[in-house]
Amino acid sequence: MLLPGYDLAAATALAERLRAEVAGWTLTHAGITLGQLTVSLGVAGYVPPLFTPGALVRTADEALYSAKRQGRNRAVASQPLNPEAWLTLAPG
């Protein structure tokens, strides 16, 4: 999801609301007993021109895999500590 005008805290709060909403659904499928449907979400912020779209996607992907490593069914936000860290993620 792209959320223009949202800062990292607001985007993370929205991701958490979405995660909670999905966790509350009761979905059934005949013959399948895989358990409850959950989602893991990675959240990242983007401030152009310091950060590239590619860096945004990679940072969100890293946050998503962090959520999965932490046990799934969660929203995790990630933001490099400084703009230089983002610039090193930019393709050539």
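We number each residue from 1, following the sequence as shown.
- Hydrophobic clustering of Ile, Leu, Val, Met, Phe, Trp and Tyr side chains at less than 4.5 Å, counting indirect connections, unites Tyr6 with Met1.
- Heavy atoms only, all atoms of each residue included: Arg69 and Glu62 are closest at NH2-O, 4.4 Å.
- Looking at heavy atoms from C-beta onward, Leu41 lies in side-chain contact with Val39 at the 4.5 angstrom threshold.
- Side-chain atoms of Arg19 never come within 3.5 Å of backbone atoms of Arg17 as a donor-acceptor pair (strictly under, hydrogens ignored).
- Here the closest non-hydrogen pair linking Leu56 and Gly45 is CD1-O, 3.4 Å.
- Smallest separation of non-hydrogen atoms from Ala77 and Ala63: C-CB, 4.3 Å.
- For Ala44 against Leu8, the heavy-atom pair with the smallest separation is C-CD1, 3.7 Å.
- Minimum interatomic distance between Arg74 and Ala67 (heavy atoms only, all atoms of both residues): CD-O, 3.5 Å.
- Checked by atom type and distance alone, the side chain of Thr38 never pairs as donor or acceptor with a backbone atom of Ala23 at under 3.5 Å.
- Counted by atom type alone, Ser66 and Gln70 present one or more donor-acceptor pairs between their side chains at under 3.5 Å.
- Under the 3.5 Å distance criterion, the side-chain polar atoms of Thr59 are matched with a main-chain donor or acceptor of Ala55.
- Leu14 and Leu3 get closest at one heavy-atom pair: CD2-CD1, 3.7 Å.
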- Message: Is there a side-chain contact (heavy atoms from CB on, under 4.5 Å) between Val43 and Ser78? Walk through the geometry before answering.
- Response: CA-CA 6 Å; Val43 182; Ser78 179; over 6 Å; no
